[in-house]
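All values derive from a computational prediction rather than experimental measurement.
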Amino acid sequence: MNQCYFLKARLVLYWLAFLFLPLSVSAQSAAELDTRLANGRLLLDQQKYELAMAEFVPVVNAPKNYRNLPEALYFYSVAALNAKRVREAGGRIDQLLQQFPSWENLDEARYVGAAIAFEQKDYAKALALLNDIKAKEFDDDKAKIKGLYLPRIIEKEAFTRLYQQNPDDRELATAYADKLAGGWYTEADKETLENIVSKFKLDKKKYSGKALASGRKTQYNVAVLLPFGLNEPNSAQALRKNQFVTDLYAGMQMAKDSLARNNINLNLFSYDAPADTNQVKKVLSLPEMANMDLIIGPVYKSANKIISRFAQQHQIIAVNPLSDDISLIRNNPYLYLFQPSIATQARKSANFAYDNFGPNGAVIIYSNTEDGMEYARVYRAEFEKRGGKVLLSKAVSPSSTASGLYSGVDFTKVGHLMIASNSMPVAVNTMSTLERLPGKIPVITFASWLDISQMSLDQLDNQEIYFLNPKFVDTSLPAVREFKKDYKARYHIPPSVYAYTGFDLLYYFGNILARHGSHFNSTLAAEGPISGAFFQGIGYNAERDNQYIPFLKLDNLQINVVNPVFK
């Protein structure tokens, strides 16, 4: 759930009113602006936010005496907010609020401004804008948006200050009480919490001393079940085989130390959990396992039934750190994937394509492997569900030469290509075909194409290609460079993607434990997406696999994320 949910109903009602505004200016320039405004609004309805913004640009830059300038500023802000260009959205909504304080729909603008301020974590501004809205028709929407964003505040001092500034805000007070009960509570908070419970008639049992005591922990126990290979021969071959495990666990150790510096204390308990299910059963039968607050692993599918039964029986959440198989977590609320599943990647890709390339002319080329077929099936279903049209869906063997891959395809009708294949012949054949076309056709594919030596980065840069890479780490960032330096000093090797995975996984869930305790199933939906320490985004919403997928694009040979969590 995001801000779109709350804006949708308000936007429909407001647009109906806008349709009936009197057309008092007949000058050609005003008529052209009106057309731009109407076109942008249609694109906004179709959730084509970037295209809508492009239509709105000349309108928002019109002279102040243009009669529909307030409407243009409003709709531009809505489009920019949904396109995750939050700074631009905030600039335009502030312009509207400052330049047109008598606008008849100012409450609509205040509501959008509050959503933008929440996204920017300017909670005081967001609450002030909501407080300025006096119309009763907004009450439900105001309560919902506060219920979405306020639980995301992770600094107690900031939340305390907000409550002191807004002591009569029921949603704020309730969220603050929940935070206190979730682990922030100290004896110094007793009077404040009692006042909130009494003033807003909250459930006394939920905030009683006994309940608070049960929710407070000074440290959490985390079991790490990985195939460390403790029973394998101590040979170079065994070490190389298990290097990914060593890196994964090393990253967790680094995250544990970082969390400790933020007063979040985790105890890591490591256990060897190979593909042998009998060994996994032995580990889970150890007495201390029932007292764990979180389990990371096992990684092998063979142990899934065992960990599933144990997690549900003991109500302990278990996170698979590496798998993208959605079947591993079905029908069990205590199992999570740290990675986005294949189905989620396909669904998010289809929505990205529809929003950016339009509904017509999708061509889907996919590997005839289990993952490739699942990807193509979900992609097609989601794209057609949105109203898109698929011209062709074609399976290709990984060993195929890909000759004649696009024979019979009328590229004048193609809106975009979805290439769910890592095959070098498929990539080379696609690139050769694209280079012969008179215009550029957007392509979505996997980041593995960037490593195919038969194609240069210049070739890829010259086309409109978007690469999926859930594990993308921007190594140019100072935080990444600092981590690489510290990791190499500690372990004498540079970090791999598994080291980054281990760090981000434990750092994310360590913070979740600190905020919500070990039973965070029902509260995780309010957490994201957020930027990872190194990965581009982590967020579950109401699902149990990571729902954020970064899309990359080359621009002047530099890799950019086109859909960052925050812009």
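Taking 4.5 Å as the limit, some side-chain heavy atom of T160 sits within range of a side-chain heavy atom of Y176. Inter-residue side-chain proximity for V222 and L513 is flagged as met; some heavy-atom pair is nearer than 4.5 Å. Inter-residue side-chain proximity for L450 and N469 is flagged as unmet; no heavy-atom pair is nearer than 4.5 Å. Between D355 and R386, some side-chain heavy-atom pair lies under the 4.5 Å cut-off. In this structure the side chain of F472 never reaches within 4.5 angstrom of the side chain of F535, judged on heavy atoms. A heavy-atom distance below 4.5 Å is not found between the side chains of I317 and I295. Put simply, the side chain of E50 reaches to within 4.5 Å of the side chain of R85, judged on heavy atoms. Residues D545 and Q339 have side chains not in contact (no heavy-atom distance under 4.5 Å, counting atoms from C-beta outward).
Between the K125 side chain and the Q120 main chain, no donor and acceptor come within less than 3.5 Å of each other. Of the possible polar contacts, none joining the S198 side chain to the N195 backbone as a donor-acceptor pair under 3.5 Å is found. Looking at N351, its side chain does come within 3.5 Å of a backbone N or O of R347 through a donor-acceptor pair. Proximity of a side-chain donor or acceptor of N560 to a complementary backbone N or O of V562 within less than 3.5 Å is not detected. For the pair N546 (side chain) and G537 (backbone), a donor-acceptor distance under 3.5 Å is present. Between the side chain of D293 and the backbone N or O of Y220 there is no donor-acceptor pair closer than 3.5 Å.
Between Y540 and Y336, a ring centre-to-centre spacing shorter than 6.0 Å is recorded. Taking the six-membered ring for Trp and the full ring otherwise, F503 and Y508 have centroids separated by 6.0 Å or more. Separation of the F551 and Y466 ring centroids does not fall under the 6.0 Å cut-off.
A donor and an acceptor atom, one from each side chain of D257 and Q253, are nowhere located under 3.5 Å apart. Donor-acceptor pairing under 3.5 Å is lacking for the side chains of Q47 and N82. A side-chain donor-acceptor contact under 3.5 Å links N221 and N267. For E288 and Y271, the side-chain atoms include at least one donor-acceptor pair closer than 3.5 Å. A side-chain donor-acceptor contact under 3.5 Å links D247 and S496. Residues Y207 and D178 bring a donor and an acceptor atom of their side chains to less than 3.5 Å of each other. Residues S327 and R330 have side chains that never bring a donor and an acceptor to within less than 3.5 angstrom of each other.
Atom NZ of K199 sits in a crowded spot, with more than 12 heavy atoms from other residues, nucleotides or ligands closer than 6.0 Å.
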Requested in this report: Begin from the C-alpha positions of N422 and S448 and carry the test side chain to side chain donor-acceptor pair (under 3.5 Å) through to its verdict.
Outcome: CA-CA 6 Å; N422 295 310; S448 57; 2.5 Å; yes

Requested in this report: Please test L506 against L266 for side chain to side chain contact (heavy atoms under 4.5 Å, CB included), starting from the C-alpha separation and ending with a verdict.
Outcome: CA-CA 9 Å; L506 193 69; L266 304 182; 3.9 Å; yes

Query raised in the report: Going through the checks in order, is the side chain to side chain donor-acceptor pair (under 3.5 Å) test met by T369 and D371?
Result: CA-CA 5 Å; T369 60; D371 284 350; 5.9 Å; no

Report task. Under the side chain to side chain contact (heavy atoms under 4.5 Å, CB included) rule, what do L284 and L225 come out as? Steps first, then yes or no, please. Result -> CA-CA 9 Å; L284 293 176; L225 277 63; 3.9 Å; yes

Query raised in the report: Yes or no on side chain to side chain donor-acceptor pair (under 3.5 Å) for S349 and Y375, after CA distance, side-chain angles and deciding distance?
Result: CA-CA 10 Å; S349 298; Y375 195 104; 2.7 Å; yes

Report task. In sequence, state the C-alpha distance, the side-chain angles, and the governing distance for E119 and Y149, and then conclude on side chain to side chain donor-acceptor pair (under 3.5 Å). Result -> CA-CA 8 Å; E119 283 290 321; Y149 283 100; 2.6 Å; yes

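Under a 4.0 Å N-O distance rule, the pair D486/R481 does not qualify as a salt bridge.
Under the ring-ring contact (aromatic ring centres under 6.0 Å, His included) test applied with F483, the options F534, Y491, Y507 reduce to a single match, F534.
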